[in-house]
Number of protein chains: 2
Amino acid sequence: MELEAAKLKYIQTWGSLATSWGINKTMAQVHALLLVSIEPLSAEDIMDTLKISRGNVNMNVRALIDWGIVRKEFVVGERKEFFVADKDIWELFKQVTKERKKREIEPVIKVLEELQNDVKEESEEAEQFKKLMQDLSSVTSTVNSILDKAIKADEHWLLSSFTKMIKK
Amino acid sequence: MELEAAKLKYIQTWGSLATSWGINKTMAQVHALLLVSIEPLSAEDIMDTLKISRGNVNMNVRALIDWGIVRKEFVVGERKEFFVADKDIWELFKQVTKERKKREIEPVIKVLEELQNDVKEESEEAEQFKKLMQDLSSVTSTVNSILDKAIKADEHWLLSSFTKMIKK
DNA sequence: TTTAATTTTCAATAATTTTTGAAAGTTTAG
DNA sequence: CTAAACTTTCAAAAATTATTGAAAATTAAA
C-alpha cells in the first residue's frame, strides 16, 4: 500500500473510532492528520487534505489546543499559523484521559454521592436506592482512580500495576 | 430529597453521562430506570415514566438485551413482558466493557496492525509512519488488555466493599 | 497611520441521529 | 378456528449536532 493511502486510511479509521466514543469526527481526523505529518500544517493545508471549510478547521484546531494535544508553531518567513501534534502517544492518552475524567466522570461521582446523602427516607426501598448509588459511585470512583494513576504514572505503569491489583 | 425525585435525578444524570460517551440517552435512561425499580417493568411502565413512545421503548430495551444487561421476566397472571436489570454493578461494568472492546477497540487494533505491515516503502517518512502505527496499536492494545483482565477477573477483586443486592 | 493577510465568529444550512406512531406481525385465550 | 392483546417494524418527522461561508475582528507589513 502507498504511504499516502495508508495515511488516509489511518485518518478515516481514527475518525470512526472517535465517533463511537462521543468525540467529533473532524476533530479526530484533524488530529490524526497532524500526527502523520512530518511538517507543521497551516489551516489551508488541513482544509485541502480533509476537504473541510476554514471555519471548521479553526473550531476543531482550537478545541484540540484546548485539550492540550495540539500546539501552534511558527515557521520562519511565514505569516500564518502552523499546527503540530506531538507524537508521544502515551502522552496523548494521558491528556485525553485527564480531560474526560475532569469533565465527565468527576461531576457524575459528585451527583451520585449527593443523591446518596440527600435521601433521608429510611424505608427498605430507599435503603436499596442508596445502596445502588453507593455501588455505582464505588465502581465509578474505582475507574476514576485507575485513570488517575495512569495519568501520573510512567509509560508502563498501567499494565503492571493493574496486574498486581488483580492478584492482590 | 424525596425518593422519587432522587430516582429521576439519577436517571437524568446517567442519561447525560451516556450521551458524552456515545451511548444513546434513552437507552441509558431505560437502563437506569430498571436499575432503580424494585419490580419488573412493562413497556407501558417505561413509556409512562420516561414519556417516550412504544417504538422507542421497544428498540432500546432490545438493544439493552442484546448488550446482555437487561432481561425479560415473566410475571404470574400477566400476559405482557416485563423487564429487569440486574443490580450487580460490577457485572454491568464488565458486560459493557466486553461489548465495546469487541465492537470498537479490537477492529481498530486490527487496522493499525495491517497498516503497519502493508506499507512496504522504506523511506524515513514511511518508517516514521510505521513507528506511529506501532505506538498507537501498542497503547490501544495495552488499554485493551487491561479491559480484558477486568472482564476476566473474579467478581470481587475490585471492591471488597461490594455487597450484593437481590441476587436472582 | 493604511492596507492586506489572516483568523475568528456565528447565523444559516446540511447531515446525522433519535423518536414517533400507526400498520403489520405474532402470540395466546377462548 | 377467531379475536383480542401484545410486540415489532419502519417511513416520516423531530431533535440534535456538525459544517459552511461570508462578514467582522484582529494582526502585522508597508
Side-chain angles (χ1 to χ4, degrees), chain A residues 11-12 14-34 39-67 70-84 100 103-104, chain B residues 11-12 14-34 39-67 70-84 100 103-104:
Chain A
I11 291 169
Q12 286 307 119
W14 213 240
S16 62
L17 180 65
T19 302
S20 66
W21 286 84
I23 294 165
N24 180 301
K25 189 182 87 183
T26 304
M27 184 167 149
Q29 291 187 332
V30 170
H31 182 253
L33 172 60
L34 291 172
E39 301 289 314
L41 301 183
S42 68
E44 294 220 330
D45 295 333
I46 299 171
M47 286 168 64
D48 294 348
T49 310
L50 301 181
K51 308 276 187 288
I52 60 180
S53 72
R54 183 176 297 284
N56 201 5
V57 168
N58 187 270
M59 282 194 153
N60 283 294
V61 164
R62 286 175 79 260
L64 288 166
I65 291 173
D66 267 6
W67 277 59
V70 160
R71 59 193 164 74
K72 289 184 184 178
E73 186 154 290
F74 294 96
V75 170
V76 285
E78 287 277 11
R79 181 159 157 190
K80 58 189 166 191
E81 297 176 327
F82 288 79
F83 306 98
V84 293
R100 298 205 79 167
R103 296 182 196 193
E104 295 154 9
Chain B
I11 291 168
Q12 286 308 119
W14 213 240
S16 63
L17 180 65
T19 301
S20 66
W21 285 84
I23 294 166
N24 179 301
K25 189 182 88 183
T26 303
M27 184 168 150
Q29 291 186 331
V30 170
H31 183 253
L33 172 59
L34 291 173
E39 302 289 316
L41 300 182
S42 69
E44 294 220 329
D45 295 333
I46 298 171
M47 286 167 64
D48 294 349
T49 311
L50 300 181
K51 307 274 186 289
I52 59 179
S53 73
R54 184 175 296 283
N56 200 6
V57 168
N58 187 271
M59 283 193 151
N60 283 295
V61 164
R62 286 174 80 257
L64 288 165
I65 291 173
D66 266 7
W67 278 57
V70 159
R71 58 193 166 73
K72 290 185 184 176
E73 186 153 290
F74 295 96
V75 170
V76 285
E78 288 274 13
R79 183 159 155 189
K80 60 188 164 192
E81 297 176 326
F82 289 78
F83 306 97
V84 292
R100 299 205 79 168
R103 297 182 195 196
E104 295 152 9

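Side chains are part of it too, since the values below use all heavy atoms of this structure and drop only hydrogens, waters and symmetry mates. Within every chain, numbering begins at 1; the chains are lettered A, B, ... in the order of the sequence lines, protein sequences first and strands thereafter.
Contact annotation: A:N24 reaches the phosphate of D:dT19 (side-chain N/O to OP1 or OP2, under 4.0 Å). For D:dT19, neither phosphate oxygen OP1 nor OP2 lies less than 4.0 angstrom from any side-chain nitrogen or oxygen of A:R54.
Every residue two or more places apart in sequence or in another chain that forms a side chain to side chain contact (heavy atoms under 4.5 Å, CB included) with A:L50 is listed here: A:I11, A:Q29, A:V30, A:L33, A:I46, A:I52. Shown here are the side-chain hydrogen bond (donor to acceptor under 3.5 Å, both in side chains) partners of B:E81, two or more places apart in sequence or in another chain: B:K72. Residues meeting the side-chain hydrogen bond (donor to acceptor under 3.5 Å, both in side chains) test with B:N24, sequence neighbours left out: none. Not a single salt bridge (charged side-chain N to carboxylate O under 4.0 Å, His left out) links A:K80 to another residue, sequence neighbours left out. Every residue was checked against the side chain to side chain contact (heavy atoms under 4.5 Å, CB included) condition with A:R79, not counting sequence neighbours, and none meets it. Residues that satisfy the side chain to side chain contact (heavy atoms under 4.5 Å, CB included) test with B:R62, not counting sequence neighbours, are B:N58. Taking A:M59 as the reference, nothing meets the side chain to side chain contact (heavy atoms under 4.5 Å, CB included) condition, with sequence neighbours excluded.
Shown for residues 73-83 of chain A: residues whose heavy atoms fall under 4.0 angstrom of DNA chain C, namely A:R79, A:K80, A:E81. Taken residue by residue, residues 45-52 of chain A places heavy atoms nearer than 4.0 Å to DNA chain D at A:K51, A:I52.
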Inset, instruction - Evaluate the side chain to side chain contact (heavy atoms under 4.5 Å, CB included) criterion for residues A:M27 and A:W67: first the C-alpha distance (whole Å), next the side-chain angles of each, then the deciding distance (0.1 Å), finally the verdict. - result: CA-CA 11 Å; A:M27 184 167 149; A:W67 277 59; 3.9 Å; yes

Inset, instruction - Evaluate side chain to side chain contact (heavy atoms under 4.5 Å, CB included) for B:W21 paired with A:R100, printing each intermediate quantity in order. - result: CA-CA 10 Å; B:W21 285 84; A:R100 298 205 79 167; 4.0 Å; yes

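Residues B:G55 and A:G55 each lie close to DNA chain C; by heavy-atom proximity, the contact nearer the 5' end of the strand is made by A:G55.
Residue pairs meeting the salt bridge (Lys or Arg N to Asp or Glu O under 4.0 Å) criterion with at least one member in residues 44-54 of chain A, sequence neighbours excluded, are A:E44-A:R54. Evaluation of the salt bridge (Lys or Arg N to Asp or Glu O under 4.0 Å) test over residues 21-34 of chain B, restricted to residues two or more places apart or in two chains, returns none.
The span of DNA chain C lying next to chain B, judged by atoms under 4.0 Å from heavy atoms, is bounded 5' to 3' by C:dT18 to C:dT28.
When each of D:dT9, D:dT7, D:dT17 is scored by its nearest atom to the side-chain atoms of B:T19, the top-ranked nucleotide is D:dT17.
A straight line from CG of B:N60 to C1' of D:dT9 spans 14 Å, rounded to a whole angstrom. When rounded to the nearest whole Å, the span between CE of B:M59 and C1' of D:dT9 equals 7 Å.
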